[in-house]
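We number each residue from 1, following the sequence as shown. In this text, all values refer to a predicted model and were calculated from it rather than measured experimentally. Start at 1 and go down the list; that is how both ligands and their atoms are numbered.
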Amino acid sequence: MRRTTIGLAAITILVLAGCRSDAADVTTIPTTSRPMTDESMGDMDDHAEDLTFGEPVDASQADRVIEIAAKDDFTFTPASITITAGEVVTFRVTNEGALTHDFTLGDAELQDAHDLEMAEMAGMMMEDEPNAFMIESGKTKEMTWHFDEATELLIGCHIPGHYANGMKATITVES
Ligand SMILES: [Cu+2]
């Protein structure tokens, strides 16, 4: 019970404060690259409750890998991706620019909300979340996601100014 209470409190802080790293100190949000303990899975489930477009899963379950490049001209390459509902996809994202970029998976509403939060943080580094991470210049990070139903999603970069400059890619999940 105690862990559940702490988890809910952490989620509330995250929702109110966006991606503040001090909130993440309360409950470390796991990435798919970390080992899955019962506790980290529980926390991931708590946080993923708000996400309506599938769920993060372990990289070993991936049906395929999609390589994505993030660049300083505010583009993701490829700019559009088609996925079939039910697929598990690993996004392998390489920052080919000199700037830090962000990779956030979500629908348009989530992207808009996240962009406001990141603007308020004025470029602070944030902890990885199940559906979002920051990537430093030259680095590669992975996210593995189970897409469970047909929908229209976006990948967005929310380093202040980048999303407004068009740093996004579309994901069409077909039935
Ligand atoms: Cu960017």
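- The Cu ion (ligand 1) has H101 ND1, C157 SG, H162 ND1, M167 SD as its protein N, O or S neighbours under 2.8 Å.
- The closest donor-acceptor contact from the side chain of S175 to the backbone of A150 lies at 3.5 Å or more, if one exists at all.
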Please tabulate, for the side chains in residues 157-173, all donor-acceptor contacts under 3.5 angstrom to protein atoms that are two or more places apart in sequence or on a different chain.
from, atom 1, to, atom 2, distance (Å)
H158, ND1, D115, OD1, 2.6
H158, NE2, Q111, OE1, 2.6
H162, ND1, H101, ND1, 3.2
N165, ND2, G161, O, 2.8
T172, OG1, E152, OE1, 3.3

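- Under a 3.5 Å cut-off, the side chain of D107 and the backbone N or O of L153 do not form any donor-acceptor pair.
- Taking the side chain to side chain contact (heavy atoms under 4.5 Å, CB included) definition, one finds that D63 meets it with E87, V88, sequence neighbours left out.
- Partners of E149 by salt bridge (charged side-chain N to carboxylate O under 4.0 Å, His left out), not counting sequence neighbours: none found.
- Two rings, from F91 and F103, have their centers less than 6.0 Å apart.
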